[in-house]
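First up is the structure itself, then whatever we jot down about it.
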Amino acid sequence: KNTMNISIVLSTFNGDEYIVEQLDTLRNQTRLAEEVLISDDASTDDTVQIIEDYIAKYELDNWLIRKNKENQGWKTNFARLLEDATGDIIFLCDQDDVWHLDKIQKMSEIMESNEKILVLASNYTPFYLGDGVQIKLDKSDLDNSQIVYQPNFLDNFFHIRRPGCVYAVNKKIIPYFLRTRSNEDAHDALLWRLASLLNGLYIYSYSTIDFRRHDNNATGSKERSFQKRKEQVVYYDDLLQRLGDFYEQYDLSLSNEQISILNDYILWGSYRKELYEKKNLLMFFKLFKYRKLYWSFRSYVTDFIVLYMKE
């Protein structure tokens, strides 16, 4: 029974090199989307023309492309798409991946059978072109057993373990997303964190896409300068304050353990901000207690090292 309507939202920008391959894998899904919304972010190449020709060629009446007059950036572009999507389940799509043809069918069946799921994130299979940044995959990334589980809150609430292009999103979470977001937020990261706070984040141990990594991917570039890291720390502090407000506002049914982890993260964010803004070394020692909240112990040590780098 296909009870839930499906939307795909696709943000494009100068993607003419790989876009047709991506579109083919949407058009050939074993379960088709009721709606495909494409927003082009003021491309200067042939992306729009290619998509318009593609829609006309295959008579895809339920595929819509709109063009931003000026570049909004992918964060805003995706947020507007999420706001406009009408489906009960919204699939996020990049412009350069290859979807496995059973992706919609498999993921939407899982969501239809469990209405608690707000974000379902599958596994993925990276492939590399040129100098694409290598991704370190762990055991859970490589598990193809098809089990569906809730990841543990401590390690997965703040740290995003899957990219947005493997998310299926229940539209019930979108109003929360729109009320909480700032223009700094990556759409997928905020959806992940909100779903986690709402106890609706689930992982699907099955690869649903070939994830293309190349020189100019929007994600994956690493800059190590003090300034870059300070900006990130200030942003995280702001984000954690907003997530704390979100928790207060909606009276979420978190366990005591989850509440204490959330409060620890909020403190961690404010201590790191003080470490970077005031170069207050005391904060580094205070943060030792919260070292488990970092991505890794090395990341904690890097906070200390970066303080002594030139700004």
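Numbers here are sequence positions counted from 1.
- Using a 4.0 Å cut-off between a side-chain N of Lys or Arg and a carboxylate O of Asp or Glu, Asp264 and Lys292 do not qualify as a salt bridge.
- Ion pair Asp97/Arg212 not flagged as a salt bridge, since none of the NZ, NE, NH1 or NH2 atoms sits closer than 4.0 Å to an Asp/Glu carboxylate oxygen.
- Salt-bridge annotation for Arg229 and Asp303: present, with a side-chain N of the basic residue lying under 4.0 Å from a carboxylate O of the acidic one.
- Taking the charged nitrogens against the carboxylate oxygens, Glu184 and Arg242 have no contact shorter than 4.0 Å, which rules out a salt bridge.
- Judged by the 6.0 Å distance and 45° axis criteria, Arg291 is positioned over the aromatic ring of Phe288.
- Ring pair Phe297/Tyr300 is tilted by interplanar angle, where 30° to 60° counts as tilted.
- Here the options are Tyr167, Phe177, Trp192, Phe78, the test is ring pair (Phe, Tyr, Trp, His ring centres under 6.0 Å), and the partner is His187; only Phe78 passes.
- There is a side-chain donor-acceptor pair under 3.5 Å between Gln232 and Tyr236.
- In this structure, Lys106 satisfies the cation-pi test against Tyr206, with its NZ or CZ atom closer than 6.0 Å to the six-membered ring centre and inside 45 degrees of the ring normal.
- Tyr124 and Asp141 share no side-chain donor-acceptor pair at under 3.5 Å.
- A salt bridge between Glu112 and Arg31 is present, with a side-chain N of the basic residue lying under 4.0 Å from a carboxylate O of the acidic one.
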Practice problem: Kindly indicate, with the supporting measurements, whether the criterion side chain to side chain donor-acceptor pair (under 3.5 Å) is fulfilled by Gln241 and Asp245. | Solution: CA-CA 6 Å; Gln241 301 292 334; Asp245 295 344; over 6 Å; no
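- Taking the six-membered ring for Trp and thresholds of 30 and 60 degrees, Phe158 and Trp268 have ring planes more than 60 degrees apart, a perpendicular arrangement.
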